[in-house]
Number of protein chains: 2
Amino acid sequence: MAIKSRDTSKTIQESIATTHVAALDVDMDAMAAISNVFRVSVLFHNQAEKRFLLQHKLSFSGFTVLWVLWVFGKMESYQLAEECGITKGTLTGIVSTLEKHGFAERRAHPSDGRRRLVRLTRKGDGLMKKLFPTINALEQEFVAGLKPAELVELSRMLRIILHSQDPVP
Amino acid sequence: MAIKSRDTSKTIQESIATTHVAALDVDMDAMAAISNVFRVSVLFHNQAEKRFLLQHKLSFSGFTVLWVLWVFGKMESYQLAEECGITKGTLTGIVSTLEKHGFAERRAHPSDGRRRLVRLTRKGDGLMKKLFPTINALEQEFVAGLKPAELVELSRMLRIILHSQDPVP
DNA sequence: ATCATATCGTTTGTTCCCTAACGAAATCAA
DNA sequence: TTGATTTCGTTAGGGAACAAACGATATGAT
């Protein structure tokens with residue numbers, strides 16, 4: 001059985017791309033880093049959907065919305081959209097889908113007739129209790145090849161990127 | 001003027017999430033790492049689309065297809081889809097959009113009547129020559145807060161994750 | 001030569017995602 | 001109090017994403 005963990009070689013795609021743009025004035029290291037962030041992101045997204053989410057009629061986006069509701073409790077739509085990183089128009093569709101499957105519900109705001117409150121149903125809460133550890137296990141599986149110190153270092157570097165892109169108020 | 005680079009503190013979202021799941025048996029470091037990979041990915045995607053791509057009637061996916069065509073030359077559809085990490089059905093739609101805007105074109109395969117060859121038009125090639133350095137500049141902007149050695153280390157760790165998820169043939 | 005199977009690109013149907021426009025409700029001004 | 005503006009959530013339209021099914025073509029076996 002071949003040992004495949006701790007393989008740090010370039011992927012095929014990375015190698016070909018590197019060769020092709022070698023003549024241009026390009027920062028290869030920056031390109032490699034961002035490209036690999038994308039690949040990990042897409043890979044995790046697909047794995048999570050196929051292995052755990054779709055069998056519950058849940059898209060990754062739907063799971064994200066449920067997760068935010070689970071962590072923050074009931075929320076108003078515009079906050080929820082902000083937190084999930086999507087627009088309010090998109091959120092309307094996702095919450096409608098979640099409502100159709102009985103995972104979330106909309107309520108009227110007690111004092112403001114324009115606003116709606118979104119919250120988990122009992123069914124949605126139960127689903128999250130079951131699903132969250134599963135997703136976390138997948139996260140562990142993804143980073144299993146990294147040493148503990150490396151893992152912390154990875155998060156730290158990503159945070160540097162995130163903070164550097166913070167909108168200046 | 002506040003110095004905001006090299007900020008390695010947890011984001012607000014990370015803090016709240018951490019507190020909420022503290023009681024559960026959860027690997028916080030794995031959760032933080034994957035979550036932050038996602039945030040960087042979404043952030044870059046949105047910035048690239050809004051600042052450089054949409055003005056050319058190009059989606060991020062469309063740009064990806066164009067990029068692969070630019071690097072690999074003309075390709076058959078099924079290879080192109082594979083390389084872009086999307087399904088062939090999705091690729092049909094994207095190539096149709098690219099064709100509509102004159103960036104790419106479909107040709108018949110010389111010997112196999114089922115296959116199609118996709119390639120850049122002159123207009124598409126010119127667009128990539130202009131766009132690629134711009135995107136690379138955004139990549140540099142994103143990782144500007146990292147020291148050169150850290151940047152290399154970041155790519156290395158992401159590759160470990162990618163290779164660990166390689167499908168076993 | 002014929003029939004069965006496999007492969008390739010497209011189409012179909014659902015969901016997601018955005019921007020832009022809209023109606024309802026709240027707020028503010030005069 | 002009336003009228004204008006702002007702030008909500010929803011809707012509309014287009015592109016993107018997937019799986020599944022569908023023709024057309026190629027290839028294989030008999």
Side-chain angles (χ1 to χ4, degrees), chain A residues 38 41-51 53-66 74-82 84-101 103-119, chain B residues 38 41-43 45-51 53-66 74-101 103-119:
Chain A
F38 265 93
S41 174
V42 168
L43 209 51
F44 188 88
H45 184 286
N46 292 340
Q47 294 275 318
E49 269 194 348
K50 286 175 188 165
R51 287 167 59 179
L53 266 24
L54 285 184
Q55 55 190 296
H56 299 287
K57 309 273 187 188
L58 219 51
S59 67
F60 196 86
S61 318
F63 173 77
T64 303
V65 170
L66 247 39
K74 80 176 63 154
M75 292 188 81
E76 299 181 22
S77 289
Y78 75 100
Q79 288 178 311
L80 185 52
E82 170 98 10
C84 295
I86 57 180
T87 61
K88 50 190 188 162
T90 302
L91 183 70
T92 295
I94 296 180
V95 172
S96 297
T97 302
L98 291 175
E99 218 168 20
K100 195 171 66 183
H101 295 309
F103 298 131
E105 58 187 3
R106 280 178 257 236
R107 297 281 181 170
H109 190 280
S111 63
D112 192 330
R114 298 168 303 177
R115 305 187 192 183
R116 313 287 297 273
L117 295 175
V118 186
R119 65 174 188 186
Chain B
F38 265 93
S41 173
V42 169
L43 208 53
H45 183 286
N46 291 342
Q47 294 275 318
E49 269 193 347
K50 286 175 187 165
R51 287 167 58 180
L53 266 26
L54 285 183
Q55 56 189 294
H56 298 287
K57 309 274 188 187
L58 218 50
S59 68
F60 196 85
S61 315
F63 173 77
T64 302
V65 170
L66 247 38
K74 80 176 65 154
M75 291 187 82
E76 300 182 21
S77 289
Y78 76 102
Q79 289 179 312
L80 184 53
E82 170 97 10
E83 201 57 49
C84 294
I86 58 181
T87 60
K88 50 190 187 161
T90 302
L91 183 70
T92 297
I94 296 179
V95 172
S96 297
T97 302
L98 291 175
E99 217 168 20
K100 194 170 67 181
H101 295 306
F103 297 131
E105 59 187 2
R106 279 181 258 237
R107 296 285 179 167
H109 190 282
S111 63
D112 191 330
R114 299 168 303 178
R115 307 188 191 182
R116 314 288 295 273
L117 295 175
V118 186
R119 65 175 189 187

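A note on names: the letters A, B, ... follow the listed sequences, proteins ahead of strands, and every chain is numbered from 1. Bear in mind that the values here come from a model prediction, so they are computed numbers and not experimental data. Computed from heavy atoms alone, side chains included, the values below leave out hydrogens, waters and symmetry copies.
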Subject >> Which atom of B:S61 lies closest to which atom of B:I94, heavy atoms considered >> reply: CB-CD1, 3.8 Å
Original post:
Can you tell me if A:T92 and A:R106 form a side-chain donor-acceptor pair at under 3.5 Å?
Top reply: no
Original post:
What's the shortest heavy-atom distance between A:F63 and A:L58, and which atoms?
Top reply: N-CG, 4.0 Å
**OP:** Would you name the heavy atoms of B:L98 and B:L66 that are closest together and state the gap between them?
**Re:** CD1-CD1, 3.6 Å
Original post:
Taking it one step at a time, do A:V118 and A:V65 satisfy side chain to side chain contact (heavy atoms under 4.5 Å, CB included)?
Top reply: CA-CA 10 Å; A:V118 186; A:V65 170; 5.7 Å; no
Original post:
Is there side-chain contact between A:H109 and A:L117, with heavy atoms separated by less than 4.5 Å?
Top reply: yes
Original post:
Does A:T92 place a side-chain N or O at less than 4.0 Å from the phosphate oxygens OP1/OP2 of D:dG9?
Top reply: no
**OP:** Specify the separation, in whole Å, of atom NE2 of B:H45 and atom P of C:dC18.
**Re:** 9 Å
Subject >> Separation of D:dG14 C1' from B:K57 NZ (nearest whole Å) >> reply: 11 Å
Original post:
Roughly how many Å is it from CD in A:E82 to C1' in D:dG9, rounded to a whole number?
Top reply: 16 Å
**OP:** Please list residues of residues 109-119 of chain B whose heavy atoms come under 4.0 Å from any atom in DNA chain D, ordered by number; otherwise none.
**Re:** B:S111, B:D112, B:G113, B:R114
**OP:** Let me know the distance between CD of B:E76 and P of D:dT25, rounded to the nearest Å.
**Re:** 17 Å
**OP:** Could you tell me the separation between the CZ atom of A:R106 and the P atom of D:dC8, rounded to a whole number of Å?
**Re:** 17 Å
**OP:** Measure from CG on A:L54 to C1' on D:dA20 and round the result to the nearest Å.
**Re:** 14 Å
Subject >> Geometric class of the B:H45/B:F60 ring pair [parallel <30°, tilted 30-60°, perpendicular >60°] >> reply: tilted
If you restrict it to nitrogen or oxygen atoms, what contacts under 3.5 Å exist between nucleotides 15-18 of chain D and the protein, and what is each distance?
from: D:dG15; atom 1: OP1; to: B:K100; atom 2: NZ; distance (Å): 2.5
from: D:dA16; atom 1: OP1; to: B:S59; atom 2: OG; distance (Å): 2.6
from: D:dA16; atom 1: OP2; to: B:T97; atom 2: OG1; distance (Å): 2.8
from: D:dA16; atom 1: O3'; to: B:S61; atom 2: OG; distance (Å): 3.1
from: D:dA17; atom 1: OP1; to: B:S61; atom 2: OG; distance (Å): 2.6
from: D:dA17; atom 1: OP2; to: B:S61; atom 2: OG; distance (Å): 3.0
from: D:dC18; atom 1: OP2; to: B:T87; atom 2: N; distance (Å): 2.9
from: D:dC18; atom 1: OP2; to: B:T87; atom 2: OG1; distance (Å): 3.2
from: D:dC18; atom 1: OP2; to: B:T90; atom 2: OG1; distance (Å): 2.9

Subject >> Nearest non-hydrogen partners of B:E105 and B:R107, listed with the distance >> reply: OE2-NH2, 3.6 Å
